[in-house]
Each structure stands twice: as C-alpha cells, then as structure tokens.
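The structure appears right after this line, and notes come after that.
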Amino acid sequence: MRSHILPKAFFMQSALVVAHELLGKFLVVSKNGKRRSSMITEIEAYDGFEDKASHAARGKTLRNAPMFQEGGIWYVYLIYGMYNMLNVVTGPRAYPAAILIRGVDGIGGPGKLTRLWGITRFYNGLPLNQSTGLWIEDRGVVIPQKLITKSPRVGVMYAGPVWAQKPYRFFICPSEINALYFKEPGAGKSA
DNA sequence: TAAGTGATCTCT
DNA sequence: GAGATCACTTAA
C-alpha cells in the first residue's frame with residue numbers, strides 16, 4: 001500500500017497529537033475530474049474551551065458549531081471578507097478542537113491555499129473522504145522530530161499572554177522539505 | 001504600513 | 001439594526 005486515506009479514527013485523537021501527525025501527510029482535493037495534492041507543511045492547533053485563541057473560547061455559535069462535532073469533518077470559515085480558512089475538526093463530540101491547515105508544500109499561507117485550490121465553505125461540516133472530494137492521505141513520509149519547529153500561533157494576540165504564546169503552531173523547516181520525498185516512482189510530489 | 005472585504009457576533 | 005471584529009494577503 002503506497003498511500004491510504006486517513007480514517008475518522010485518526011481525527012478522534014487530541015488536537016495536539018493530530019497536529020503533529022498531519023505534518024508530512026497529503027492534502028488532496030478532487031474537483032471537476034481534476035485532482036490536486038500537496039504535502040502539509042504548516043498547521044496550528046486550537047484545543048478546547050480554555051483555549052482563548054480558539055473560536056470556541058466563548059461557547060458554541062452558528063459559525064463554530066462544526067468544532068463541537070466528532071473529529072473527521074472540515075471546519076471552513078471566511079475571514080477578513082475574503083479568505084476561507086481550512087480546518088480539520090478533531091476529538092470527541094462536544095469537545096471543541098480543530099487544526100488550521102496553514103500551508104502545504106509550495107503554498108505558504110492559509111488564505112492562499114484555499115484561494116488557489118478553490119476550497120470554500122462548501123466543505124464546511126462535511127467529512128474528510130472521497131465522497132466529499134477533500135481528504136488527507138498518508139503516503140509514508142516520515143518527518144524527523146528535529147525538522148519540526150514550534151512557535152506561537154499567528155494573529156491571536158487578542159487571546160492574552162498565556163494563550164497567545166502557546167507553541168501550537170508546527171511547521172517543517174522549508175529548506176528540508178524536498179529531502180523528505182521518497183525517490184521511488186509513484187511517490188512524491190505528483191498526485 | 002495600510003487597505004480591502006463581508007460574515008458573524010455583541011451589543012442596543 | 002448598528003458597530004466592531006477578524007486564525008489574511010498584497011501592494012507600497
């Protein structure tokens with residue numbers, strides 16, 4: 001087996017675990033008969049009621065409702081009137097948690113990613129699988145721990161000193177990304 | 001450094 | 001209903 005679609009069970013784990021594991025996995029979109037995929041290189045975790053940087057910090061609303069569902073669905077919302085943010089919901093029902101996909105190989109920036117790939121709120125609340133046309137695959141790439149950098153999350157100064165500074169943003173050092181691909185035919189960058 | 005953009009949330 | 005805010009990007 002060269003690649004497999006990450007199952008719901010994978011996303012039932014805690015946000016920080018899933019966040020770590022998602023680095024090196026492949027985001028795949030299949031739309032209008034065309035398929036695109038790229039390795040996930042940057043993510044942020046938003047975990048629980050206590051996380052003041054999370055949309056769920058002030059309770060459930062119409063917008064953040066998907067975060068309160070069981071893991072394995074998408075949470076997509078519009079920010080600054082222009083940009084769709086793509087998140088994966090994790091953990092059990094009624095525990096709000098999600099991972100923001102901030103970048104893939106070749107595209108740095110969550111708003112750019114969704115714009116370039118045509119990912120909209122259409123996917124909000126839908127599961128990650130082939131039926132919806134947007135999912136995540138494991139293609140066997142393993143990211144050495146030393147290549148993963150942690151930092152505070154972006155754009156969450158409003159969360160106060162403690163939560164704004166939590167090292168919940170993980171990314172792969174960009175200069176190391178190319179070396180991660182398998183050299184065998186059929187694996188690697190091309191979908 | 002600041003404009004652009006509009007849904008959503010929190011007050012009236 | 002009105003006003004503020006916002007997990008961003010781009011062009012200067």
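Both backbone and side-chain heavy atoms feed into the values below; hydrogens, waters and symmetry mates do not. Reminder, nothing fancy here: chain letters follow the sequence lines and each chain counts from 1.
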| query | Can you list every side-chain hydrogen bond (donor to acceptor under 3.5 Å, both in side chains) pair that touches residues 80-92 of chain A, not counting sequence neighbours? | reply | none
| request: Take L180(A) and L147(A) through the side chain to side chain contact (heavy atoms under 4.5 Å, CB included) test and state the conclusion after the steps. | output: CA-CA 10 Å; L180(A) 296 170; L147(A) 297 187; 4.0 Å; yes
| remark: Of I136(A), D138(A), V18(A), L128(A), the one forming a side-chain contact (heavy atoms from CB on, under 4.5 Å) with F10(A) is V18(A)
Check: [Y] main-chain N/O paired with [X] side-chain donor or acceptor under 3.5 Å:
X       : Y       : result
S37(A)  : L27(A)  : no
D105(A) : M39(A)  : no
N129(A) : S131(A) : yes
K166(A) : V162(A) : no

Distance-minimising heavy-atom pair for [X] and [Y]:
X       : Y       : value
A15(A)  : I99(A)  : O-CD1, 3.1 Å
N124(A) : V76(A)  : OD1-N, 3.0 Å
K60(A)  : A65(A)  : CE-CB, 4.0 Å
S3(A)   : R139(A) : CB-CG, 3.5 Å

Pairs under 3.5 angstrom only: tabulate donor-acceptor contacts from the side chains of residues 44-54 of chain A to other protein residues two or more places apart or in another chain.
residue	atom	partner	partner atom	Å
E44(A)	OE1	Y46(A)	OH	2.6
E44(A)	OE2	R102(A)	NH1	3.4
E44(A)	OE2	V154(A)	N	2.8
D47(A)	OD1	Y95(A)	OH	3.0
D51(A)	OD1	A53(A)	N	3.0
D51(A)	OD1	R153(A)	NH1	3.4
D51(A)	OD1	R153(A)	NH2	3.0
D51(A)	OD2	D47(A)	N	3.1
D51(A)	OD2	R153(A)	NH1	2.7
S54(A)	OG	A56(A)	N	3.0

Do any side-chain atoms of residues 169-176 of chain A form donor-acceptor pairs under 3.5 angstrom with protein atoms, and if so which ones, sequence neighbours left out?
residue	atom	partner	partner atom	Å
R169(A)	NE	E42(A)	OE2	2.8
R169(A)	NH1	S151(A)	OG	3.0
R169(A)	NH2	E42(A)	OE2	3.0

| field | Range on DNA chain C touched by chain A - first to last nucleotide, heavy-atom distance under 4.0 Å | value |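 Boundary nucleotides touching chain A, in 5' to 3' order, are dC6(C) to dT10(C).
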With the threshold set at under 4.0 Å for non-hydrogen atoms, list the residues of [range] touching DNA chain C in residue-number order.
range                       : value
residues 94-103 of chain A  : L100(A), R102(A)
residues 148-158 of chain A : V154(A), G155(A), V156(A), Y158(A)
residues 40-62 of chain A   : Y46(A), A53(A), H55(A)

Common cluster, [X]/[Y], ILVMFWY with side-chain heavy-atom separation under 4.5 Å:
X      : Y       : result
L22(A) : Y75(A)  : no
M12(A) : V17(A)  : no
M85(A) : I107(A) : no
V89(A) : I43(A)  : no

| query | Which is the 5'-most and which the 3'-most nucleotide of DNA chain B that has an atom under 4.0 Å from a heavy atom of chain A? | reply |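 Listed 5' to 3', the contact boundaries are dG4(B) to dT10(B).
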| request: Please test V104(A) against L113(A) for side chain to side chain contact (heavy atoms under 4.5 Å, CB included), starting from the C-alpha separation and ending with a verdict. | output: CA-CA 8 Å; V104(A) 299; L113(A) 169 65; 3.8 Å; yes
| query | Across the strands shown, which category fits M82(A) at heavy-atom distances under 4.0 angstrom: base, sugar-phosphate, nothing? | reply |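 Base contact.
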| request: Could you check whether G111(A) gets within reach of a base, just the sugar-phosphate, or nothing at all, counting any heavy atom under 4.0 Å? | output: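 G111(A): backbone/sugar contact only, no base atoms under 4.0 Å.
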| query | Given the rule that a pair is Watson-Crick or G-U wobble with both distances under 3.5 Å, how would you write DNA chain B in dot-bracket, using | for pairs to a different strand? | reply | ||||.||||||.
| request: Please collect all ring-ring contact (aromatic ring centres under 6.0 Å, His included) contacts where either partner lies in residues 99-139 of chain A, sequence neighbours excluded, each pair once. | output: none
| task | Return each pair, listed once, that meets salt bridge (Lys or Arg N to Asp or Glu O under 4.0 Å) where at least one residue sits in residues 115-136 of chain A; pairs must be two or more places apart or across chains. | result | none
| said: Tell me which residues in residues 114-127 of chain A lie within less than 4.0 Å of DNA chain B, going by non-hydrogen atoms. | reply: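 Only R121(A) qualify.
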